[in-house]
Each structure stands twice: as C-alpha cells, then as structure tokens.
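Side-chain atoms are counted along with the backbone in the values below, which use heavy atoms only and exclude waters and symmetry mates. Chain naming here is simple, since letters A, B, ... match the order of the sequence lines and numbering starts at 1 in each. Bear in mind the structure is a predicted one, so any value in this text is a computation, not a measurement.
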2 protein chains.
Amino acid sequence: MDETLLDIGEVAERTGLAPSALRFYERKGLISSTARNGLRRAYRPEVLERLGLIMCARGAGFTVAEISSFLSAGPGDREVREKMAVKAGELNQRVAQLTRLRDALDHAATCDHEPLTDCPDFKRAVWNARPESTASSP
Amino acid sequence: MDETLLDIGEVAERTGLAPSALRFYERKGLISSTARNGLRRAYRPEVLERLGLIMCARGAGFTVAEISSFLSAGPGDREVREKMAVKAGELNQRVAQLTRLRDALDHAATCDHEPLTDCPDFKRAVWNARPESTASSP
DNA sequence: CTGCGACTTGAACCGCGGTTCAAGTCAAGG
DNA sequence: CCTTGACTTGAACCGCGGTTCAAGTCGCAG
C-alpha cells in the first residue's frame, strides 16, 4: 500500500472538516477517494488542496453544486469559464454591497439614536446598501 | 379606517416579497402588523422601510435571528451595539476574502490551464483567499 | 342572500448542507 | 481465536428560510 495515501480520519483532522462532510462531498462529486484499503477510503494528498479550495468557495457563499460544476471544468470549457467570469462580477457587486452595509453598521454601533431604526444617518446608510444602489448612483 | 394602512398584498407587491415571507417575518418578530381590518393584517407604511432594511441585511448574509436582535436594539443597549461593531468587523474580513476570491476567479476565467485546479497562479490566488490570510500578509 | 376573491390560520413540505445513528466490516493486537 | 476501534453504509434527522396547502373567515358586489 502506498504510504502517502490518507485515511479519512487523517484528512478530516488536517482540514478541520468532519468525516461526515468529507463523505458528503464525495457523494456530491467534489472529491474522490482514489482507492480503498479494505473498505476504507484512501485519499491522495492532493485532496487536501482541493478541499482547501472547496472550503474557501463554500465560505464565500458558493453552493456545493456550483463548486462541483467549477471543479469539473474541462480543457476548453468555455461554458464554465464564462460562468466563472459572471460569478466574479457578482462577487464584485457583493463586495460593494457588503462594504456599504458595513458602513451602515459602523454608524449603528456608535450612533446614540433612540430607536436606532429612526436615525436618519442610519437610514441613509442602509439605503445606500441596497443591492441596486451598487450600480445606480446618478 | 386609516387609509394609509397597507394590506399585506400591498406590502408584498411594493417590496417584492411574498406574502408568506411577510407572515414568516411577522412570526419571527421582525415586523408587526399594527392593526387588523377584520382578520386582515394592516401595516403602517413605515414597515416598507423596515423591510428594506431587512432585505438588505438578509442579502448580506445576516440570519433572521440576528436581524431580529439588531432591530430590537433598545435605548442604551450596549449589548447589541457591541454586537453590531463585531459584525461590522466580520463584514470587513468577509469583504477582504471575497475580494481575493474574486481575483482568483478572475484569473480562473481567463487562464487556459488544462486542469484548472493545477494552475499555479490559480492555486496561489485561492491560497490568498483563505479566511486566515486576511490578517497575515508578510 | 349568495357568491367571489383576497385574506386568515396551522401544519406540512421543500432544498440546502450537513450530522447522527444503527448496523455492519475490516486490520491489527493480545 | 476474539476483541477493539476506526472505518463503512444507508437512512433518518437537524436548523434555516421560507413555500404550499387545506380549510376557514372576512368585506363587498350583485
């Protein structure tokens, strides 16, 4: 047996993911165990890298299905690359919105307004944080 | 009856939210119908503003429970204000991470690497997008 | 009075992203 | 040999954020 292959417990420990999550990802096609040591999954070390990518994408709000489609991007796969570009654009929108919302929240945290929701500055800040206001500001 | 009060259908239409969602929010304490016209909910116009805030926060990834606690912020409610400040900080982290991820995705969309996951530039970009790397950049 | 249609309710259901559980299988060690 | 303990499976369950549905209740028009 190849000593470099990793047990599921090993992978779980190194990534911080639960074994159940790893099996779940495997069911969903995000990762694959390349061999079996008896019944047990044996993962190649590269899976750690892949899982890093997956965790990152999940953390950024991508669904498992999206990640799956991105990960299976073929050679000249125009389709997926385009989707990626679209996603990148969406991320930009999102970043802008979150930034504005943070500003609103910053104000909220420090402003002493009786019912916070009545503070005009807060209102303005929230208004600015609407998704649409990302694009339109004439 | 006060003509300025809004029917649930009215509110749904103006906000773009489903009536079921409005009732759901009401159950969760995010909004309240201030009167009943017979059985029917009657909303004050201010609810529109409040819903704008709610939609915005939901869009930014806040849970309904979080929003609820923020909305019920009392006068000198240190607790909640502090939580807001914390949330604002988290948003900053998130913005940084999303920005980095967008960079990774931008590269992925244009780079012609056989298995995308092997592209060293992509790997680096993803590596940089790890949540922890937000703080550490030596 | 008799619809009609827009509302009301609670309860059931959905997709997502996993977790938990019971029951079974394996390899190694005493 | 038999135990131990980490794995295996499928199926059931969970919280979240709602949606859908059946059954009931209104106000208003004809």
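At a cut-off of 3.5 angstrom, counting only N and O atoms as typed in the model, there is no donor on one side facing an acceptor on the other between the side-chain of Arg40(A) and the base of dA27(C).
Residues forming a side chain to side chain contact (heavy atoms under 4.5 Å, CB included) with Phe24(B) (at least two apart in sequence, or on another chain): Arg27(B), Lys28(B), Val64(B). For Ala109(B), the side chain to side chain contact (heavy atoms under 4.5 Å, CB included) test picks out Met84(A), Ala85(A), with sequence neighbours left out. The side chain to side chain contact (heavy atoms under 4.5 Å, CB included) test applied to Ala125(A) returns Ala104(A), not counting sequence neighbours. With sequence neighbours left out, Lys87(A) forms a salt bridge (charged side-chain N to carboxylate O under 4.0 Å, His left out) with Glu66(A), Glu90(A).
Rounded to an integer number of Å, the gap from Ile54(B) CD1 to dG17(D) C1' is 14 Å.
To the nearest 0.5 Å, the span separating CG on Leu48(B) from CE on Met55(B) amounts to 10.5 Å.
Residue pairs that meet the side chain to side chain donor-acceptor pair (under 3.5 Å) test with at least one member in residues 11-21 of chain B, sequence neighbours left out, do not exist here. Here salt bridge (Lys or Arg N to Asp or Glu O under 4.0 Å) pairs that include residues 117-128 of chain B, with residues two or more places apart or in two chains, are Glu49(A)-Lys123(B). Applying the side chain to side chain donor-acceptor pair (under 3.5 Å) rule to pairs touching residues 39-48 of chain B yields Glu26(B)-Arg41(B), Glu26(B)-Tyr43(B), sequence neighbours excluded.
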Heavy-atom protein contacts under 4.0 Å, nucleotides 18-24 of chain C, coded B base, S sugar-phosphate only, - none = BBB----

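An angle of 30°, rounded to 10°, separates the two end axes of the helix from dC1(C)-dG30(D) to dG30(C)-dC1(D), each defined over five pairs.
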